[in-house]
Amino acid sequence: MRSDLAVARAVAWRSLQHAFRNPALLIPSIIFPLIFLVAFAGGLSAVRDVPGFHFHGNYTAFQFVFVFLQSAAFGGVFTGFGIAADFESGFARRMLLAAPHRTGMLLGYAIAGIVRWAFTATMVTIVALLAGMTVYGSGVELTGLIGVGLIVNVASTLFGAGVAFRTKTLQAGPLMQVPIFVLLFLAPVYVPLSLLNGWIHTVASYNPLTALLTAGRGFLSGAPDKSAIAFACGAGIVGLMALYAVRGLRRAERGL
């Protein structure tokens with residue numbers, strides 16, 4: 001256990017140094033959520049007046065939760081980019097050879113992904129508050145919102161790690177980004193699920209991110225909704241992605 005933690009600390013520290021010294025890996029993960037927040041919360045604020053739009057809060061708060069979870073997903077994806085870059089530079093291979101317990105590498109990357117997201121989430125939250133976001137949730141409920149974000153971030157990091165361990169190249173970036181991006185936008189982004197119609201309503205109903213998004217909005221508005229289902233779905237997603245990432249790590253080990 002001590003060996004795993006020692007490897008995790010070293011990998012996390014190195015990954016964070018690389019991220020915060022490389023604007024190409026850091027800035028996009030901050031800029032993209034801010035652009036979506038401004039575009040959605042500002043340009044689409046009239047959607048709040050649609051009949052049947054039930055949400056205890058303004059439209060900025062409604063969209064903030066989506067952007068909050070989107071920033072968590074982007075933090076994980078860009079951590080995956082960093083892992084792929086480590087393989088291209090040869091550094092990841094050296095870590096695989098040097099680490100006594102290689103699962104510590106995966107833990108270190110996950111820790112780095114959480115820290116990166118915490119920085120981005122703080123920036124997004126400040127901008128949303130300056131834009132007039134209403135917050136009705138209590139401290140406990142806001143902790144629940146952070147917990148939902150952590151689930152999305154860790155799951156995205158594990159998915160990105162799994163792809164990076166298998167492909168070992170930055171050219172696999174779209175394989176990390178596109179599936180998560182599609183899942184995010186197949187959730188009820190602009191309006192509540194009840195206002196969606198047709199095939200998008202069916203898809204969103206079965207999309208596990210819908211439960212996480214609904215729970216997050218409930219926590220922020222002070223009216224928790226489907227929180228138990230959300231955390232159950234989140235635990236399942238994280239478990240599956242952990243298995244995917246560990247199997248990818250084992251494949252990378254066999255390629256040494």
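Proximity of a side-chain donor or acceptor of Thr210 to a complementary backbone N or O of Tyr206 within less than 3.5 Å is not detected. Between the side chain of Asn207 and the main chain of Leu183, a donor-acceptor pair closer than 3.5 Å is present. Panel note: side chain Thr134, backbone Asn58; a donor-acceptor pair is recorded below 3.5 Å. Using a distance-only test at 3.5 Å, with no hydrogens or angles considered, no donor-acceptor pair links the side chain of Gln177 to the main chain of Pro174. Looking only at distances, no side-chain donor or acceptor of Glu141 sits under 3.5 Å from a matching main-chain atom of Ala223. In this structure, the side chain of Arg116 does not engage the main chain of Ala112 through any donor-acceptor pair within 3.5 Å. A donor-acceptor pair under 3.5 Å links the side-chain atoms of Ser89 to the main chain of Asp86, judged by distance alone. The backbone N or O of Gly75 lies less than 3.5 Å from a partner atom in the side chain of Thr79, making a donor-acceptor pair.
Judged by a 6.0 Å distance limit and a 45° cone about the ring axis, Arg217 is not positioned over the six-membered ring of Phe66.
The shortest heavy-atom contact between Gly149 and Ala72 is O-CB, 3.4 Å. In terms of heavy atoms, Gly113 sits closest to Thr157 at CA-OG1, 4.2 Å. Taking both residues in full, the closest heavy atoms of Ala128 and Thr60 are given as O-CG2, 4.1 Å, listed atom of the first, atom of the second, then distance. Here the closest non-hydrogen pair linking Ala211 and Ala230 is O-CB, 3.4 Å. For Ile30 against Pro33, the heavy-atom pair with the smallest separation is O-CD, 3.3 Å. For Gly173 against Phe81, the heavy-atom pair with the smallest separation is CA-CE2, 3.4 Å.
Going from atom CG of Leu158 over to atom CG of Leu240 covers 11.0 Å, rounded to the nearest 0.5 Å. Ser205 contributes atom OG, which lies 4.5 Å from atom CG of Leu193 (distance to the nearest 0.5 angstrom). Note that CG of Leu37 is 12.0 Å distant from CE of Met123, once rounded to the nearest 0.5 Å. Taken from OG in Ser71 to CG in Asn153, the straight-line distance is 8.5 Å, to the nearest 0.5 Å. Atom OG1 of residue Thr120 and atom CD of residue Gln70 lie 11.5 Å apart, to the nearest 0.5 angstrom. Separating the OG1 atom in Thr167 from the CD1 atom in Ile83 is a distance of 10.0 Å, to the nearest 0.5 Å.
Using bins of under 30°, 30° to 60° and over 60° for the plane-to-plane angle, the ring pair Phe181/Phe185 lands in the tilted bin. Between Phe36 and Phe74, the two ring planes are tilted [angle within 30° to 60°].
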Q: Could you give me the CA-CA distance, side-chain angles and deciding distance for Phe165 and Leu106, then say whether side-chain contact (heavy atoms from CB on, under 4.5 Å) is met?
A: CA-CA 10 Å; Phe165 286 140; Leu106 187 58; 3.9 Å; yes
(Q) Is there a side-chain contact (heavy atoms from CB on, under 4.5 Å) between Gln63 and Val189? Walk through the geometry before answering. (A) CA-CA 7 Å; Gln63 280 300 336; Val189 178; 4.2 Å; yes
Q: Quick one: do Arg14 and Phe91 satisfy side-chain contact (heavy atoms from CB on, under 4.5 Å)? Show the steps, please.
A: CA-CA 11 Å; Arg14 192 265 175 186; Phe91 185 80; 3.5 Å; yes
Q: In sequence, state the C-alpha distance, the side-chain angles, and the governing distance for Tyr244 and Val163, and then conclude on side-chain contact (heavy atoms from CB on, under 4.5 Å).
A: CA-CA 9 Å; Tyr244 178 71; Val163 174; 3.6 Å; yes
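Inter-residue side-chain proximity for Val11 and Tyr109 is flagged as met; some heavy-atom pair is nearer than 4.5 Å. Between Leu186 and Trp199, some side-chain heavy-atom pair lies under the 4.5 Å cut-off. Leu69 is not listed as a side-chain neighbour of Leu209, based on a closest heavy-atom distance of 4.5 Å or more. Considering only heavy atoms from C-beta on, Leu96 comes within 4.5 Å of Met105 through its side chain. Side-chain atoms of Val65 and Phe219, non-hydrogen and from C-beta on, never get closer than 4.5 Å to each other. Under the 4.5 Å side-chain criterion, counting only non-hydrogen atoms from C-beta, Ile146 is not in contact with Leu142. Counting only heavy atoms from C-beta outward, the side chains of Arg250 and Thr103 approach each other to under 4.5 Å. At a threshold of 4.5 Å between non-hydrogen side-chain atoms, the residues Tyr59 and Met133 do not count as touching.
Checked against a 6.0 Å centroid threshold, the rings of Phe62 and Phe53 count as neighbours. Between Phe119 and Phe20, the ring center distance clears the sub-6.0 Å criterion.
Tracing side-chain contacts under 4.5 Å through hydrophobic residues (I, L, V, M, F, W, Y), one never reaches Trp13 starting from Met95; they form parts of separate clusters. Linking ILVMFWY residues whenever their side-chain heavy atoms come closer than 4.5 Å, directly or via other members, leaves Phe231 and Ile229 in distinct clusters. Two different hydrophobic clusters hold Tyr136 and Phe68 under the rule that ILVMFWY side chains link at heavy-atom gaps under 4.5 Å. Under the 4.5 Å side-chain heavy-atom criterion for Ile, Leu, Val, Met, Phe, Trp and Tyr, Trp117 and Ile126 are members of distinct hydrophobic clusters.
In this structure, Leu243 stands alone, with no Ile, Leu, Val, Met, Phe, Trp or Tyr side-chain heavy atom under 4.5 Å from its own, directly or through other members.
Looking at Val182, Leu175, Ile180 one by one, the single match for side-chain contact (heavy atoms from CB on, under 4.5 Å) with Val178 turns out to be Val182.
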